[in-house]
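Structure, as C-alpha cells:
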Amino acid sequence: MLKYLMVKDILQIGHPILTQKTRTVTDFEDSVVRETIVNLLDTCIANKSISAGLAAPQIGSDLSICVVRRTDLEDSRSKKIADDQLWKVLINPTISGQSDSFSEIWEACLSIGTGRDRLYGPVSRPAEVEISFADEQGNRRTIAGEGFFSHLLQHEIDHLNGKLFISYISNPSNLWRSADLDNYLAENDQYPIIK
C-alpha cells in the first residue's frame with residue numbers, strides 16, 4: 001500500500017492562528033482529526049534533524065493536537081529509535097502536575113524564524129511535569145517529563161493555548177539568531193549570560 005507524505009508548510013510568527021486557543025477534539029474518528037495527526041507526524045519526520053515537536057496551529061489547524069519527540073527515550077538509549085516510537089501524539093493535553101523547582105533551557109521554535117535566522121532564548125519552566133492527554137483512540141493517558149523533555153511538553157501545550165516561547169523572554173537582548181548563538185557557543189563553550 002502506498003503511503004503519501006503530507007508534509008505541511010510551518011506557519012511563521014504573525015499568523016493569527018498561532019496566538020489563538022485550539023478547539024478540544026471530541027470525535028477521534030473524524031477524518032479531519034486523523035488527517036491532522038498524519039500531517040503533524042509526516043511534517044515532524046520530514047524535519048527530524050531540526051524538530052523536537054510540532055503543534056496543530058503551526059500547520060494551520062485549530063485542533064488541540066501536538067506531537068512531541070521522545071527525547072527522554074533518545075537520552076536513555078544508545079541505539080536509534082524508529083520513527084513510530086520516536087514521535088508521540090498528544091490530543092487535548094493538559095498539565096496535571098508540576099514540580100516547584102524550575103529549570104532554564106534555551107528554546108527555539110519552528111514558527112519563529114528559519115534556518116540560521118531561527119530565534120533562540122532562555123526560558124524558565126517547571127523542571128518536571130506530568131501531562132494528561134488522550135491517545136489516538138481517545139483513551140486517557142499520562143506522560144511525565146523532566147529537564148528538556150519537560151520543557152518540550154510545556155512548549156507544545158503552550159502552542160495549543162496560543163502562546164509562543166518568546167512571551168517568556170522579557171528582555172529582547174536575550175533572543176539570539178541561530179547563527180549568532182552557534183558562533184557564541186563555539187567561542188565560549190557555554191550559553192550567553194542572561195540579561
Taking side-chain hydrogen bond (donor to acceptor under 3.5 Å, both in side chains) as the test, write out the residues that go with [X], two or more places apart.
X: Glu130; value: Ser96
X: Asp158; value: Arg125, Tyr168
X: Asp83; value: Lys48
X: Thr19; value: none

Hydrophobic cluster (4.5 angstrom, side-chain heavy atoms) - remaining members for Ile194: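 Cluster partners of Ile194: none, it stands alone.
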
Linking Ile, Leu, Val, Met, Phe, Trp and Tyr through side-chain heavy atoms less than 4.5 Å apart, which residues share a cluster with Ile193?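 Other cluster members: none.
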
Taking only residues two or more places apart in sequence, or in another chain, which ones meet [X] in a side-chain contact (heavy atoms from CB on, under 4.5 Å)?
X: Thr22; value: Pro57, Ser64, Leu160
X: Asp84; value: Ala82
X: Asn171; value: Ser173, Asn174, Lys195
X: Asp189; value: none

Which residue pairs pass the side-chain hydrogen bond (donor to acceptor under 3.5 Å, both in side chains) test with at least one member in residues 30-40, sequence neighbours excluded? none

For residues 110-124, the side-chain hydrogen bond (donor to acceptor under 3.5 Å, both in side chains) pairs (sequence neighbours left out) are Gln58-Ser111, Arg116-Asp182, Asp117-Arg177

